[in-house]
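All remarks here apply to the structure that follows.
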Protein chains: 2
Amino acid sequence: MSDILLRNLRPMGGAALDMRIKAGKIAEIAPSLQADDLPVEECKGAIAIPGLVEAHTHLDKTVMGLGWYENAVGTDLRAMIDNERAERHRLGMDPHRQSMRHALALVGAGCTHARSHVDIDTEHGLAILEGVLATKDALQGIIDIEIVAFPQSGLLVRPGTLELLDEALASGADLVGGLDPSGMDRDPKGHLDAIFGLAETHGKGVDIHLHEAGTLGAFSLELIMERTRALGMQGRVAVSHAFCLGMNDWHATEALIAGLAECDIAILTTGAPSREVPQVKRLHAAGVRLGVGCDGVRDTWSPLNRPDMIDRTRIIAMRNNLRSDADLALALDICSAGGARVMGLQGYGLEVGCMADLTLLDAETLAEGAISDAPRPLVLKAGRVTARNGAALRKAP
Amino acid sequence: MSDILLRNLRPMGGAALDMRIKAGKIAEIAPSLQADDLPVEECKGAIAIPGLVEAHTHLDKTVMGLGWYENAVGTDLRAMIDNERAERHRLGMDPHRQSMRHALALVGAGCTHARSHVDIDTEHGLAILEGVLATKDALQGIIDIEIVAFPQSGLLVRPGTLELLDEALASGADLVGGLDPSGMDRDPKGHLDAIFGLAETHGKGVDIHLHEAGTLGAFSLELIMERTRALGMQGRVAVSHAFCLGMNDWHATEALIAGLAECDIAILTTGAPSREVPQVKRLHAAGVRLGVGCDGVRDTWSPLNRPDMIDRTRIIAMRNNLRSDADLALALDICSAGGARVMGLQGYGLEVGCMADLTLLDAETLAEGAISDAPRPLVLKAGRVTARNGAALRKAP
């Protein structure tokens, strides 16, 4: 919780102003503020936005720092999952060390918050969760990490996983995750009853990976909505990926989107360029809360993603044909405030009274900042400088 | 045409070797070559690939160096075209200066060859062509530029354009272009007869922008194949974008792809993430020549593209779900040798006897080099160093 005076920044790309931060919160925004005895940071006309929010990732999966991972596994979902479980041992992927590397890369690129799905399976038990919890703890005041206990290898198809999820939720996980109730677990009713049962027991939110496309995914979404309504969990459920919302059936998707809005179920997308994906402008217009993530970064699944929500804003823009300045500003909003809305962050924003979680962008306009690969000049968490020129101040192990 | 000894480079990511270049060509590749009196360049184990090939762009359209262009025009094709014609005047977009900026950015990122479509319309006449021809001339020995005379604003719908295209082909344009015979020109037979007529008259190749999706685009492709066969133009026709090949009708696209292979018609793709696109693995397997381009870069159409064929390789990989090392190597091949095959480049490659058009990649493996944003350490054209650490040695105006 720091006090600092930021000199000559442009909130959301507007006119250059100064910002006084007191006790970690934005206290005043105005031209030519007196520094008094505050430390002063000259921002050189950089654009200020609230901290970027990585709303869907897997911090412990990265192989960063372990040399190039030669991928020969192909693109089958189950093959990639099985390959990863085995490779974690062979590569010596310590979950704490790897998640520290990933999380600090996110900080360097301007993130102040992240939601990470953490694998819970009968092979690793809670070991991965413990590593990421240690990272969450170590990075307090640098980046806030929300943890989803995630049955990556299947729930009902791997007896013992349900009990481990239950333990994970008692041991610090913030939400319960799920995965392709039909495609992976072969029992949509059983899978979702189990997930929502855990959520009810522990009073936690839900975030379900739904890769199922087309009508199969649509059926799963309906089951998720039914349980959200029955348990009164409106506002506490999210669905990640939701490729089915990208299917080419306007009437069917229109009904699904109306249901999501009514149930206040959030959608998290990566804008995956090789898949059908939810159209962000359409969901935004329908009032569906929407966040974005980079997903796993340089892991055994793929080397293509980067730990950078500005890189991801560009991908969201490309995937959704967002070109105008107004549309790029929307994409950036979804990659920052959108994630905050999904995660229910309090005091998020650039207004006086908000937490001073800020990212500066080196750009002429907000639209340029939304997609430029220029390193972020400065990142602050609760008024404390956490990164400069694209690199976190805290060194990764 | 230079002589040089490159020390300690890894051709295609293999073992470290030395390379002797004589009179601009690769003369010898072996361990520990004697320098004799050649200048020596230490490559520090960087990966060497043949020069990257930008096979579909618009060099004169960029607004680089003119400040941020605020885009409020939206995504309608005709609106974007009309907007650009007007903005060229308002922004003072000198075609020579702008194409120099764009081309030298490509050089900095490792390109040795580019094919550029140059607008020919009744408003600008041949002025844009003249500017790009001056750039082509100025950058001889740095980057080879192939020019397509391109009726961006329509051909039959803008009387006078056909005569200008004819003049352009007599004045140095290398190929004749076309654009959406139905969608833009409203007369597919008339448009294609005119384009192929010009090609026949001038003995030049053809490269047609085909944004038409689905069955409309499929019909246009059929008309293009009919004319290619009738005029014996196999191997001299390319279709850019060809979104129709991405349509969800396997039998229809299978027939089109077989026809393309038989007519030896090349496909040029940008991997546009917001559109249906040709699947590169499928076309490659069918024996269709395939090249890639970044398209226009930071222009009045969109700020999302970058003048970097490695950035584009990553986009191609993301759009086509290419994740394994083998698939990433294929994507890189299409973005380099693929373009060379489309453009019919002689002496292209890394073998002894080839032109020493090389790009070094700072990466551990070829797959990493294919998608890494690390600046290219060194670029050579005919053995002459043209760029270092991501920047062309020749300064842009």
Side-chain angles (χ1 to χ4, degrees), chain A residues 13 66-76 79-80 83 247-248 270-277 279-281 295-296 298-306 308 311 313-329 331 363-373, chain B residues 13 66-76 79-80 83 247-248 270-277 279-281 295-296 298-306 308 311 313-329 331 363-373:
Chain A
L66 301 178
W68 181 255
Y69 176 74
E70 190 180 328
N71 180 329
V73 76
T75 58
D76 175 74
M80 292 191 286
N83 177 64
M247 73 172 157
N248 186 20
T270 68
S274 66
R275 302 297 305 261
E276 293 178 331
V277 289
Q279 297 96 359
V280 296
K281 279 183 85 168
D295 214 338
R298 233 184 118 155
D299 54 22
T300 62
W301 298 61
S302 162
L304 291 166
N305 297 332
R306 294 183 186 152
D308 182 348
D311 178 67
T313 305
R314 179 180 176 230
I315 292 167
I316 290 288
M318 288 190 136
R319 184 68 184 85
N320 287 273
N321 204 19
L322 308 179
R323 300 163 176 244
S324 69
D325 285 46
D327 279 354
L328 293 174
E364 195 178 330
T365 67
L366 189 62
E368 183 181 17
I371 57 165
S372 165
D373 58 357
Chain B
L66 300 178
W68 181 256
Y69 176 74
E70 189 181 329
N71 180 329
V73 76
T75 58
D76 175 74
M80 292 192 286
N83 177 64
M247 74 173 156
N248 185 21
T270 67
S274 66
R275 302 298 304 261
E276 294 178 330
V277 289
Q279 297 95 358
V280 295
K281 280 183 86 168
D295 214 338
R298 232 183 119 153
D299 54 21
T300 61
W301 298 61
S302 162
L304 290 166
N305 297 332
R306 295 181 185 153
D308 182 350
D311 178 68
T313 305
R314 179 181 175 229
I315 291 168
I316 290 287
M318 289 190 133
R319 185 67 185 84
N320 288 272
N321 203 19
L322 307 179
R323 300 163 177 245
S324 69
D325 284 46
D327 280 354
L328 293 174
E364 194 180 329
T365 66
L366 189 62
E368 183 181 16
I371 57 166
S372 164
D373 59 355

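None of these values were measured; they are calculated from a predicted model. In what follows, every chain begins at residue 1, and chains take the letters A, B, ... in the order their sequences are listed.
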Inset, instruction - Would you mind checking which part of B:Asn305 comes under 4.5 Å of any heavy atom in chain A, side chain (CB onward), backbone (N, CA, C, O), both or neither? - result: both
Just so I know, are the side chains of [X] and [Y] near enough to count as touching, which here means a heavy-atom distance under 4.5 Å?
| X | Y | result |
| --- | --- | --- |
| B:Glu70 | A:Thr365 | no |
| B:Leu328 | A:Leu304 | yes |
| A:Val73 | B:Arg323 | no |

Legend entry - Pairs of heavy atoms under 4.5 Å with chain A: top-ranked of B:Thr75, B:Leu322, B:Val277: B:Thr75
Based on non-hydrogen pairs under 4.5 Å, which of [options] is most in contact with chain B?
| options | value |
| --- | --- |
| A:Glu364, A:Arg306, A:Arg319 | A:Arg306 |
| A:Ala272, A:Ala72, A:Ser324, A:Ser302 | A:Ser324 |
| A:Asp327, A:Asp373, A:Asn320 | A:Asp373 |

Inset, instruction - Rounded to the nearest 0.5 Å, what's the gap from CD on A:Glu276 to CG on B:Asn248? Could you check? - result: 8.0 Å
Inset, instruction - For atom CG of B:Asp76, decide whether the heavy atoms of other residues, nucleotides or ligands shown that lie under 6.0 angstrom number more than 12. - result: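 Yes - once you tally the heavy atoms of other residues, nucleotides and ligands closer than 6.0 Å, there are more than 12.
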Legend entry - Heavy-atom closest contact (B:Asp325 atom, A:Tyr69 atom, distance):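 Answer, listing the atom of B:Asp325 first, then A:Tyr69: OD1-O, 3.8 Å.
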